[in-house]
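Values below: all heavy atoms of this structure, side chains included; hydrogens, waters and symmetry mates excluded. Along the sequence shown, residues carry numbers from 1. Order of appearance sets the numbers: ligands from 1, and atoms from 1 within every ligand. Bear in mind the structure is a predicted one, so any value in this text is a computation, not a measurement.
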Amino acid sequence: MKIVILGGDGFCGWPTALNFSAKGHDVTIVDSLVRRRIDEELGAGSLTPIRSMEERLAAWREVEGATIGFRQFDVAHDYETLEACLREIGPDVIVHFAEQRAAPYSMKSPGHKRYTVDNNINATHAVLCAMVEACPEAHLVHLGTMGVYGYGKTKGLTVPEGYIEATLHSGGRSSDLDILYPADPGSIYHMTKTLDQLLFYFYAKNDRLRITDLHQGIVWGTTTDQTDRDERLINRFDYDGDYGTVLNRFLMQAAIGHPLTVHGTGGQTRAFIHIRDTVRCIEKAAATPPSRGERVRIINQMTETHRVRDLAELVSKMTGAPIETLPNPRKEMAENDLAVVNDTLIGLGVAPTKLSDGLLKEVVDVARRYAGRCDRAKIPSVSRWVREDPAAPAPQAALPAALAVPAK
Ligand code: NAD
Ligand code: USQ
């Protein structure tokens, strides 16, 4: 298949591109490399020494004998280039990772909130719009989030895959129908993913585009069979207070002798998936597109749920790292339960990688190898969901000009 990977320089995108290429597909990465500029803005790069895109692709050619194409442009704002690129390649599948994905980054300041909405909504809309013009038969596989469902308001229900049967009451009448599960985002970032869902709904209905939305849990781990093949193919490992996600942060903190940073009671329950299963699930989903005219297919891309404090205890028991309970910088339920349907992923033949499979130690080993690159000052999560003093001026965290929402 001809596959375009939007956001293919990122943590999930790079191993996905390598996996498709290793399976013999014709892969082109599109990325503006904006994440590398955000690393510079935050002064906190990947713990692992990721190479330039040129070096990555040259290493892959050497190791695998396969060529991956690369186009550098902004999917959200360079529409003509995007449409021309899709017209020229004529992809069978487009995998869309090209969004700002950190909840704390999206809450840092008015500039970061606006940047996240502008980038994510315009990127998704530009892709859909360009598909109608250039490749209406292609299958769009989008990386969404479990966070669209929200946490703590599921009232004991198991979270279904995207849709829920509802009975609506109005004007003394009632009607049964399947609706998108009510959205309940917990950050500006998560909110953009709920808005993406409506864009998908419209384009599937109006233009009969074939769309799969993968509601993915928190990804942990860092290596895959392909990234392991050469150090120049190494994947990103975020550990800082904005982009580092909870389990990888705990494993990295344990590796460098930093206390494990539990927010609040640690009673937050979240869904998780290992990066190797992310890559496998995307491969299977790409190969099984919905038909034209079918509703958006939604898959819960997660393999298990865990409570944050249980993860901290697990990592502490494994490594001896102490646990530190910190005031929660986020506005979220202190305690929540979470049960999730993931029948489609299992039905596609993905055998879930579990925390119990011994891979936690592998992440600690990777973190220990590159511990010298860690800047401990970047570990605390300093982005606040709510201003402590509403009368104080809004935070003016500087957004680099290269990321700023363009003036009209
Ligand atoms: P990442 O930040 O590592 O990668 C995103 C990539 O997209 C970066 O290389 C960035 O440069 C690129 N990009 C962003 N905006 C762009 C634009 N306008 N034009 C071109 N390129 C652009 O993030 P990731 O962890 O790989 O996440 C990828 C996707 O998966 C995101 O959409 C995210 O919401 C979703 N997701 C990630 C996780 C996780 O735990 N990492 C969990 C659930 C869902
Ligand atoms: N947390 C801690 N300590 C930390 C970091 C986080 O206790 O050091 C807590 C947070 O307060 C939160 C939970 O851990 O309750 C998860 O935080 P996270 O940063 O690991 O995950 P989140 O912000 O939800 O975002 C990540 C990805 C995002 C993806 C989402 C999937 O960055 O792209 O969409 O996971 S999900 O959580 O299922 O919505």
- Report the C-alpha distance between E64 and R229 in whole Å, list the side-chain angles of each, state the deciding distance to 0.1 Å, and finish with yes or no for side chain to side chain contact (heavy atoms under 4.5 Å, CB included). CA-CA 9 Å; E64 178 70 14; R229 290 180 63 186; 2.5 Å; yes
Could you tell me whether [X] and [Y] have a side-chain N and a carboxylate O separated by less than 4.0 Å?
{"X": "E332", "Y": "R270", "answer": "yes"}
{"X": "R210", "Y": "E294", "answer": "no"}
{"X": "R36", "Y": "D31", "answer": "no"}
{"X": "D213", "Y": "K193", "answer": "no"}
{"X": "R35", "Y": "D39", "answer": "yes"}
{"X": "R307", "Y": "E335", "answer": "yes"}
{"X": "K361", "Y": "D365", "answer": "yes"}

Report, in ascending order of atom number, the atoms of ligand 1 lying under 4.0 Å from any heavy atom of [X].
{"X": "G217", "value": "42 (C), 43 (C)"}
{"X": "R236", "value": "3 (O)"}
{"X": "A76", "value": "18 (N)"}
{"X": "G7", "value": "6 (C), 7 (O), 12 (C)"}
{"X": "L143", "value": "29 (C), 30 (O), 32 (O), 35 (C)"}
{"X": "L33", "value": "11 (O)"}
{"X": "V75", "value": "17 (C), 18 (N), 19 (N), 20 (C)"}
{"X": "D74", "value": "17 (C), 18 (N), 19 (N)"}

- Query: Would you call Y189 a ligand 2 contact, heavy-atom distance under 4.0 Å?
  - Reply: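 The answer is yes, since Y189 has a heavy atom less than 4.0 Å from ligand 2.
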- Query: Does some non-hydrogen atom of Q216 fall short of 4.0 Å from ligand 2?
  - Reply: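 Per 4.0 Å heavy-atom rule, Q216 contacts ligand 2.
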- Out of T305, D277, L311, which one pairs with F272 under the side chain to side chain contact (heavy atoms under 4.5 Å, CB included) rule?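 Filter result, single survivor: L311.
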Output the list of atoms in ligand 2 that are nearer than 4.0 Å to some heavy atom of [X], sorted by atom number.
{"X": "T261", "result": "2 (C), 3 (N), 4 (C), 7 (O), 8 (O)"}
{"X": "Q268", "result": "11 (O), 15 (O)"}
{"X": "V308", "result": "7 (O), 14 (O)"}
{"X": "A103", "result": "23 (O)"}

If you have a sec, work out which protein heavy atom is nearest [atom] and how many Å separate them, to one decimal?
{"atom": "atom 3 (O) of ligand 1", "answer": "F11 N, 2.9 Å"}
{"atom": "atom 1 (P) of ligand 1", "answer": "R35 NH1, 3.7 Å"}
{"atom": "atom 26 (C) of ligand 2", "answer": "T245 CG2, 3.7 Å"}
{"atom": "atom 30 (C) of ligand 2", "answer": "T145 OG1, 3.8 Å"}
{"atom": "atom 21 (O) of ligand 2", "answer": "I218 CD1, 3.7 Å"}

Could you work out, for [atom], the closest of [options] by heavy-atom distance?
{"atom": "atom 20 (C) of ligand 1", "options": "G13, S32, G8", "result": "S32"}
{"atom": "atom 24 (P) of ligand 1", "options": "Q100, R101, E99", "result": "R101"}
{"atom": "atom 31 (C) of ligand 1", "options": "Y189, F73, F97, Y115", "result": "F97"}

Going by atom types alone, do [X] and [Y] pair a side-chain donor with an acceptor below 3.5 Å?
{"X": "H96", "Y": "T124", "result": "yes"}
{"X": "T81", "Y": "R71", "result": "no"}
{"X": "E41", "Y": "Y105", "result": "yes"}

- Query: What pairs with H263 under ring-ring contact (aromatic ring centres under 6.0 Å, His included), at least two apart in sequence or on another chain?
  - Reply: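 Listed in chain order: nothing, the list is empty.
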Where on [X] is there a heavy atom closer than 4.0 Å to ligand 1, on the side chain, on the backbone, on both, or on neither?
{"X": "K193", "answer": "side chain"}
{"X": "T145", "answer": "neither"}
{"X": "R36", "answer": "neither"}

- Is the shortest distance from a heavy atom of A102 to ligand 1 less than 4.0 Å?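 No; A102 lies far enough from ligand 1 that no heavy-atom distance drops under 4.0 Å.
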Check whether any N or O atom of [X], backbone or side chain, sits under 3.5 Å from an N or O atom of ligand 2, and answer yes or no.
{"X": "R101", "result": "yes"}
{"X": "R330", "result": "yes"}
{"X": "V246", "result": "yes"}
{"X": "G217", "result": "no"}

Check each heavy atom of [X] against ligand 2 and say whether those closer than 4.0 Å belong to the side chain, the backbone, both or neither.
{"X": "H190", "value": "side chain"}
{"X": "E332", "value": "side chain"}
{"X": "Y151", "value": "side chain"}
{"X": "H263", "value": "both"}

When only distance counts, is [X] in polar contact with ligand 1, meaning an N/O pair under 3.5 Å?
{"X": "I218", "answer": "no"}
{"X": "V219", "answer": "yes"}
{"X": "G144", "answer": "no"}
{"X": "A123", "answer": "no"}
{"X": "H96", "answer": "no"}

- Task: Give the intermediate values and the outcome of side chain to side chain donor-acceptor pair (under 3.5 Å) for residues E99 and T192.
- Result: CA-CA 9 Å; E99 295 183 81; T192 63; 4.6 Å; no
- For Y201, does the OH atom sit with more than 12 other heavy atoms under 6.0 Å from it, leaving out its own atoms?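 No, the 6.0 Å shell around OH holds no more than 12 heavy atoms from other groups.
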- Considering residues at least two apart in sequence or located in another chain, which fulfil the side chain to side chain donor-acceptor pair (under 3.5 Å) criterion with D178?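 By the side chain to side chain donor-acceptor pair (under 3.5 Å) rule, D178 matches R295.
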- With T212, the side chain to side chain donor-acceptor pair (under 3.5 Å) member among Q301, H142, H139: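 Exactly one candidate clears the test, H139.
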- Quick check: does any side chain N or O of N235 sit under 3.5 Å from a backbone N or O of T222, one acting as donor and the other as acceptor?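 Yes, because the side chain of N235 sits within donor-acceptor range (under 3.5 Å) of the backbone of T222.
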